[in-house]
Amino acid sequence: MIQRHDQLSEAPAQLPDPIAAMVTDTSLAAGRRAFIRSLGLGAMGVAVAGAATPAGAQQAVNDVDIFNFALNLEYLEAEFYQRAAFGQGLQASDVDGTGTPGTVSGGRQIAFSDANIRKIAVELANDELAHVRTLRAALGSNRVARPAIDINLSFTLAARAAGLVGPNDTFDAYANDMNFLLAAFIFEDVGVSAYLGGGPLLSDPANLSGAARILAVEGYHAGAIRTELYVNGFYSQTQAIANARNNLNPGTNIDQGIGDVNTANLVFTNPTTGVTPARTPQQVLNIVYLNADTRPTGFFPNGLNGTIR
């Protein structure tokens, strides 16, 4: 039996605005451009196949579009972890921008039994909040608003597709420690592969530095979740989730579980090359939309904001 501990008292991190010092004088535009350049957020055009409707069409996008695509995914992760760890979501000042703003459905603070899992949730929540604020500050007036996000029914639909629950049963991601870890596993590896897939689409080589810095953190997050699931013996459940993600992109077979009782697979990587697989934007959309037609449903019921949606 896992011992029950008192809840942590940490509050969501109040991070400083990294451009605050630059926006207080008449050099606003120049200061923002300098900051964007320092993070490697350029604006040269690239082409993304199948990244926006109509599906399969080739549409020219720029580096700002790529980072706004990432911002949508960071909104999702931040809202999930903030609610799980602290019982509240992002502040109003963290979600405005261009496009159609949306609300968040679901999410609540988890009464964690294991203090270490609770501490992991707190750290991931703070990291994802920082990612949202960093990307929003860098994008400036080009940032997209948080779209409508579902972190309630979407987990049930994903769990049903994986066979974790029956076709008429619900999956409560906030019921206990293990449900939290399984819910996090549903999209943690996706975030890693999304940044990897977006990297080659960036036209400014300097952008790779900014993307790589966030990618590294997402990789640590995925490893932490996979490790906790492994030590608790959730081999079959994670493999079922991996299979369901593969099914959302027919013809691909890149997703992996965490191994079995004899062999650990804590790192999401190609066993031959030792590198983590990448996903195209459309493959990522199919997973977060929970269908193979790139049709807005699932975690983003009204679709993402921005060009790639």
Are side-chain N/O atoms of H131 and E77 paired as donor and acceptor at under 3.5 Å?
no
Residues D189 and R245 bridged, charged N to O under 4.0 Å
yes
For the residue pair N68 and L304, establish whether any side-chain heavy-atom pair is separated by less than 4.5 Å.
no
Is there a donor-acceptor pair under 3.5 Å between the side chain of N249 and the backbone N or O of T252?
no
Taking the six-membered ring for Trp, is the centroid-to-centroid distance between F234 and F185 below 6.0 Å?
no
Between CG on residue L202 and OH on residue Y195, distance to nearest 0.5 Å:
10.5 Å
With side chains defined as the heavy atoms from C-beta onward, is the minimum distance between L129 and L90 less than 4.5 Å?
yes
Donor-acceptor contact present, side-chain R226 to main-chain G257, <3.5 Å
yes
Return the CD to CD distance between Q82 and E128, rounded to the nearest 0.5 Å.
9.5 Å
To the nearest 0.5 Å, tell me how far D204 CG sits from S209 OG.
10.5 Å
In this structure, which one of L153, N72, I186, L157 forms a side-chain contact (heavy atoms from CB on, under 4.5 Å) with F299?
I186
I want to check something: taking the side chain as every heavy atom from C-beta on, are T98 and N142 in contact at a cut-off of under 4.5 Å?
no
Sub-4.5 Å side-chain heavy-atom contact between Y174 and N179
no
Does V231 reach the side chain of E228, with side-chain heavy atoms less than 4.5 Å apart?
yes
So does R108 pair up with D172, basic N to acidic O under 4.0 Å?
yes
Result of checking N291, I287, D293 against Y289 for side-chain contact (heavy atoms from CB on, under 4.5 Å):
N291
Test: D94 and R133 ion pair at under 4.0 Å:
yes
Would I120 end up clustered with V267 when hydrophobic side chains under 4.5 Å apart are linked, directly or stepwise?
no
Distance-only, no hydrogens or angles: does the R136 side chain make a donor-acceptor pair with backbone N or O of S93 under 3.5 Å?
yes
Can you measure from CG (D127) to OH (Y220) and round to the nearest 0.5 angstrom?
11.5 Å
L135 vs E74, test: side-chain contact (heavy atoms from CB on, under 4.5 Å). Steps then yes/no.
CA-CA 9 Å; L135 288 173; E74 296 292 355; 3.8 Å; yes
Report yes if the side chains of L285 and F69 come closer than 4.5 Å at any heavy-atom pair, otherwise no.
yes
Partner set under ring pair (Phe, Tyr, Trp, His ring centres under 6.0 Å) for Y235, not counting sequence neighbours:
Y230
L182, I117: one ILVMFWY side-chain cluster at the under-4.5 Å cut-off?
yes
Is it possible for you to say whether V190 and F268 belong to one hydrophobic cluster, with membership spreading through side-chain heavy-atom contacts below 4.5 Å?
no
Could you tell me whether R279 and D255 have a side-chain N and a carboxylate O separated by less than 4.0 Å?
yes
T276 side chain near N270 side chain, heavy-atom distance below 4.5 Å
no
Under the side-chain contact (heavy atoms from CB on, under 4.5 Å) criterion, do L124 and I225 qualify, and how do the steps go?
CA-CA 10 Å; L124 269 58; I225 296 299; 4.1 Å; yes
For D169 and V165, indicate whether the former's side chain and the latter's backbone hold a donor-acceptor pair under 3.5 Å.
no
Would you say the side-chain atoms of T269 pair up with the backbone N or O of V275, donor to acceptor, closer than 3.5 Å?
yes
Electrostatic pair R146:D96 at N-O distance under 4.0 angstrom:
no
Are L201 and T280 packed together at the side-chain level, in the sense that at least one heavy-atom pair is separated by less than 4.5 angstrom?
no
Q282 and N286: CA distance, side-chain angles, deciding distance, side-chain hydrogen bond (donor to acceptor under 3.5 Å, both in side chains) verdict:
CA-CA 6 Å; Q282 181 169 355; N286 286 349; 4.7 Å; no
Taking V217 as the starting point, is it possible to reach V132 by hopping between hydrophobic residues whose side chains are less than 4.5 Å apart?
no
Report whether L181 and V261 are members of the same hydrophobic cluster (ILVMFWY, side-chain heavy atoms less than 4.5 Å apart, transitive linking).
yes
For G99, does its backbone N or O pair with a side-chain atom of N305 as donor and acceptor, under 3.5 Å?
no
Rounded to the nearest 0.5 Å, what separates atom OG in S113 from atom CG in N176?
7.5 Å
Could you tell me whether the side chains of N265 and Q256 share a donor-acceptor contact shorter than 3.5 Å?
yes
Could I get the full list of side-chain contact (heavy atoms from CB on, under 4.5 Å) partners for N302, not counting sequence neighbours?
A148
Just verifying a value: how many Å separate I254 CD1 and Q283 CD, rounded to the nearest 0.5 Å?
6.0 Å
Give a yes or no on whether the ring-centroid distance for F80 and F187 is below 6.0 angstrom.
yes
